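Here is the structure we will look at, set down as structure tokens.
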There are 2 protein chains.
Amino acid sequence: MQEEREQGDRARARQVRMIDVANSLGLSRATVSLVMRNSPLVSAATRSAVLAEAERLGYIYNQAAANLRTQRNDLVGLVMPDVMNPFVGEVSLGVQEVLGEVGFFVMIANTVDRVDLQRQILQSLVGHRAAGVVTIPALTATADDFSGIRRSGLPTVLLLRHIDGVDLPFVGTDEEAIGRLGAEHLISVHGCRRVAYFGGDPLASPRVGRMETFRQAVAEAEVEAGEGAGVEWDAVWSEPLEATADAAYRRASELLAAGPPPDGVLCHSDNVAYGLVKALRTHDAPPCAVLGIDDLHQSAMWNPPISSIATDPVELGRVCGRVLLDEMGMPVKGRRTPPAPEIHARASCGCH
Amino acid sequence: MQEEREQGDRARARQVRMIDVANSLGLSRATVSLVMRNSPLVSAATRSAVLAEAERLGYIYNQAAANLRTQRNDLVGLVMPDVMNPFVGEVSLGVQEVLGEVGFFVMIANTVDRVDLQRQILQSLVGHRAAGVVTIPALTATADDFSGIRRSGLPTVLLLRHIDGVDLPFVGTDEEAIGRLGAEHLISVHGCRRVAYFGGDPLASPRVGRMETFRQAVAEAEVEAGEGAGVEWDAVWSEPLEATADAAYRRASELLAAGPPPDGVLCHSDNVAYGLVKALRTHDAPPCAVLGIDDLHQSAMWNPPISSIATDPVELGRVCGRVLLDEMGMPVKGRRTPPAPEIHARASCGCH
DNA sequence: AACACTTGACCGCTGCGCGTT
DNA sequence: CAACGCGCAGCGGTCAAGTGT
């Protein structure tokens with residue numbers, strides 16, 4: 001303990017600075033600085049001498065000081081509500097890939113979907129003069145929560161959840177296409193006659209986008225089929241609901257106790273589908289085509305395997321990274337529009 | 001486009017500094033500085049005047065500059081191989097809780113289990129003069145990979161995966177207890193006679209710890225039961241294996257094609273258990289008690305619900321945070337030892 | 001004219017030693 | 001003598017404008 005303390009203090013006692021390695025070599029700070037930044041302006045001999053001496057003295061380049069001077073920073077913050085969500089996790093991979101390639105250092109901050117934490121984190125990032133921010137807003141976030149970052153001029157892109165009244169670039173999946181795809185599959189392929197959109201927080205922007213086209217597709221099918229023979233929209237099953245397997249299981253159990261389920265359900269996420277499928281099984285319910293959204297890796301392992309509508313999350317992350325680069329005024333190549341969703345049909349909807 | 005550019009440049013053009021708000025008020029920088037840091041040394045009147053003026057001018061405190069000056073930093077890096085793993089994610093919650101409480105800013109860097117990225121990230125954190133680091137080493141990491149951070153004196157704690165030859169504080173689950181618990185449950189409760197430890201990378205330190213006590217418990221049962229009537233260790237099923245559901249499914253399918261499974265299996269993780277359970281089902285295999293490790297939330301939803309050995313991950317994270325605080329020389333209260341694992345028995349092992 | 005290096009101001013903030021009232 | 005506030009020297013780098021071959 002005593003020893004550790006001493007060691008710690010010693011390490012902190014005297015930091016080796018550029019000037020130390022410069023003096024020790026009879027050079028100026030500037031030269032050492034040039035070496036550290038791989039400038040071609042120093043001779044090879046000097047360069048290797050500096051490098052050797054730096055190593056010998058245990059010199060560690062102070063990036064923070066450099067950042068202060070140059071007024072730029074290589075830290076990009078990913079601010080997200082739930083690191084554990086696999087979809088979100090994969091998106092972060094894509095962002096990291098694109099930004100890492102051009103030398104940025106990507107770190108993730110977890111808001112746990114709390115606006116207060118989100119506010120604090122964004123504030124912190126602004127204060128640290130981060131290079132940029134990618135954020136999936138917390139569920140209850142409003143335009144206010146972004147006024148600070150907006151005014152600061154810190155390049156920011158909003159991901160997945162759109163916030164009304166915030167004029168920041170937004171990158172998200174094509175929710176309209178998802179809703180349409182889901183409805184079409186349930187109605188045209190499986191001939192479902194009573195359908196619902198199950199789960200999802202009422203505040204989450206994806207839910208509203210998907211519902212809109214989903215309902216629209218239902219209405220169109222109704223017309224096509226003619227009066228009476230049409231497709232029905234189940235409003236009760238389509239009430240908003242926390243997007244967890246647990247909540248979905250409980251809600252579905254309640255509804256199943258009250259009556260038969262729709263014969264086709266588009267779930268807000270695969271997690272929701274897991275809960276619904278479990279409820280259908282334990283309640284020995286009549287056949288019901290279940291479709292998830294996100295296509296988590298697990299879904300293929302499920303019993304039954306879960307059909308799901310997928311948007312390539314890694315590519316979505318890449319797109320997001322490119323949009324941010326653009327926002328930072330850097331040259332970018334590659335597509336700037338999110339990938340289109342596609343359906344991965346498996347057993348849970350009746351395909352197999 | 002043109003407009004956006006202009007706007008961006010304007011925001012970047014002139015940063016409002018402390019001295020600007022000081023001048024604008026006829027005060028000195030020092031006074032403004034004291035206000036920004038909530039020092040009691042300034043009068044309430046001055047304080048509110050400063051605050052108002054800062055707001056009016058759009059002044060944003062530069063934390064980075066302050067950090068340079070004070071030689072301290074509030075950034076703590078969590079360096080982990082897989083953000084998506086729910087166990088890891090929950091651990092990060094615990095770390096964040098403890099560290100956040102005392103004012104640190106916790107951010108996560110994803111190594112994707114690649115040593116090169118890990119090296120780069122650690123280097124970056126050292127360069128940025130982070131306050132501390134918590135890291136789950138990449139699978140193939142060696143002592144070398146930590147020599148840099150070791151020499152820098154940056155307070156660091158190793159999480160979950162132990163690396164030989166690295167004298168940094170380590171916090172992990174009690175793998176020995178997990179192995180023992182698993183063996184006992186399978187053998188004593190379910191009367192299994194042929195058991196295995198399924199999955200896990202050979203390099204991962206948890207695997208070796210668990211295997212050791214697992215095999216030991218098997219050997220003891222053997223003796224107790226007497227020659228011939230004993231419990232058998234299945235070496236083939238216990239070969240190392242990547243810890244994913246997919247890999248587990250494929251391997252189990254192969255082995256099942258060659259012969260019957262053990263009647264009791266402790267899986268390296270819940271994910272591995274998912275793959276095994278699916279294989280058992282699709283191959284219509286004889287009864288086999290399956291135990292996972294981690295108890296992910298999903299496991300209770302599975303069909304059948306997966307039995308699992310759990311260590312409270314959030315508490316583990318808290319412990320880890322406290323150890324880091326200690327390492328940073330800060331006062332800490334609360335336990336400094338990881339929580340004990342416990343078994344959550346469900347249907348997959350035959351309990352229900 | 002090109003090369004190899006140096007000089008000194010500065011990035012935005014803090015902390016110490018001193019005035020004022 | 002409190003209570004308030006000021007000036008200045010850094011923190012560890014970078015960069016434009018030199019100097020000397």
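The structure displayed is predicted, hence computed values, not measured ones. Naming convention: chains lettered A, B, ... in sequence-line order (proteins, then strands); numbering from 1 in each chain.
For the salt bridge (Lys or Arg N to Asp or Glu O under 4.0 Å) condition, no pair includes a residue of residues 68-79 of chain A, sequence neighbours left out. Judged as a salt bridge (Lys or Arg N to Asp or Glu O under 4.0 Å), the pairs with a partner in residues 124-147 of chain B (not counting sequence neighbours) are, in order, B/R119-B/D145. Every pair tested for salt bridge (Lys or Arg N to Asp or Glu O under 4.0 Å) that includes a residue from residues 24-43 of chain A fails, sequence neighbours excluded, so the list is empty. For residues 40-54 of chain A, every residue pair satisfying the salt bridge (Lys or Arg N to Asp or Glu O under 4.0 Å) rule, not counting sequence neighbours, is listed here: A/E53-A/R56.
Salt-bridge annotation for B/R322 and B/E315: present, with a side-chain N of the basic residue lying under 4.0 Å from a carboxylate O of the acidic one.
Proximity of A/R37 to the phosphate of D/dT14: a side-chain N or O atom is located under 4.0 Å from OP1 or OP2. Between A/Q15 and D/dG12, a side-chain N or O to OP1/OP2 separation shorter than 4.0 Å is present.
Comparing A/R47 and A/R29, the nucleotide of DNA chain C nearest to each residue sits closer to the 5' end for A/R47.
In this view, A/S48 satisfies the side-chain hydrogen bond (donor to acceptor under 3.5 Å, both in side chains) rule with no residue, not counting sequence neighbours. Checked against side-chain hydrogen bond (donor to acceptor under 3.5 Å, both in side chains), B/E97 has the following partners two or more places apart in sequence or in another chain: B/R318. Residues forming a side-chain hydrogen bond (donor to acceptor under 3.5 Å, both in side chains) with A/N110 (at least two apart in sequence, or on another chain): none. Qualifying side-chain hydrogen bond (donor to acceptor under 3.5 Å, both in side chains) partners for B/D164, counting only residues two or more places apart in sequence or in other chains: none.
Between the two ends of the helix from C/dA2-D/dT21 to C/dT21-D/dA2, each summarised by a five-pair axis, the helix axis turns through 60° (rounded to 10 degrees).
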What nitrogen or oxygen pairs link the protein and nucleotides 1-5 of chain D at under 3.5 Å?
from	atom 1	to	atom 2	distance (Å)
D/dG5	OP1	B/T46	OG1	2.5
D/dG5	OP2	B/S43	N	3.4
D/dG5	OP2	B/T46	OG1	3.4

Could you pull out the protein-nucleic contacts involving nucleotides 19-21 of chain D (nitrogen or oxygen on both sides, under 3.5 Å)?
none

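Nucleic acid contact class of A/I60 (heavy atoms, under 4.0 Å, all strands): sugar-phosphate only.
Between the side chains of A/Q63 and A/N67, a donor-acceptor pair is found at a separation under 3.5 Å.
The side chain of A/Y61 lies closest to D/dG13, out of D/dG13, C/dG12, D/dG7.
Taking every heavy atom of residues 65-73 of chain A and every atom of DNA chain C, pairs under 4.0 Å involve A/L68, A/R69, A/Q71, by number.
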